[in-house]
Amino acid sequence: MGNSHLKLTLTQDGRHAVDAIGFGLGEYHEQIRQGQPFSVCYTVEMNEFRGAKNLQLRIKDIRWE
């Protein structure tokens, strides 16, 4: 999502996929593509786009394990 933002779908143990967005966290894109496990600090918010409402995670920070 642009160069400065990160948009992805997160799962834990392959279950419960949820959309997530991290504004200003685009620099983490390459590390995430490598498939390394990581933890996220986030808040839950309602995303409304073109009349559809969905829960999404707003990523605040990422930490590699």
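Everything quoted here is computed from the prediction, not taken from an experiment. Residues take their numbers from the sequence shown, with the count starting at 1.
- The two residues Tyr42 and Ile59 make their nearest non-hydrogen contact at CB-CA, 4.2 Å.
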* Quick one: do Leu57 and Asp19 satisfy side chain to side chain contact (heavy atoms under 4.5 Å, CB included)? Show the steps, please. => CA-CA 6 Å; Leu57 305 181; Asp19 290 333; over 6 Å; no
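- Leu8 and Phe49 end up in different hydrophobic clusters when Ile, Leu, Val, Met, Phe, Trp and Tyr side chains are linked at under 4.5 Å.
- Going from atom CD1 of Ile62 over to atom CD1 of Ile32 covers 4.0 Å, rounded to the nearest 0.5 Å.
- Closest approach of Leu55 and Met46 over heavy atoms only: CD2-CE, 3.8 Å.
- With rounding to the nearest 0.5 Å, the separation of CG in Leu6 from CD in Glu27 is 8.5 Å.
- By the salt bridge (charged side-chain N to carboxylate O under 4.0 Å, His left out) test, Arg15 is found to be paired with Asp13, residues two or more places apart in sequence or in another chain being considered.
- Here the shortest heavy-atom pairing between Asp61 and Leu25 reads N-CD1, 4.5 Å.
- Contacts classified as salt bridge (charged side-chain N to carboxylate O under 4.0 Å, His left out) and involving residues 46-57 (residues at least two apart or in different chains) are not found.
- Residues passing the side-chain contact (heavy atoms from CB on, under 4.5 Å) test with Thr11, sequence neighbours excluded: Ala17.
- Using cut-offs of 30° and 60° on the angle between ring planes, the pair Phe23 and His5 is perpendicular.
- The two residues Gln56 and Ile21 make their nearest non-hydrogen contact at NE2-CG2, 3.5 Å.
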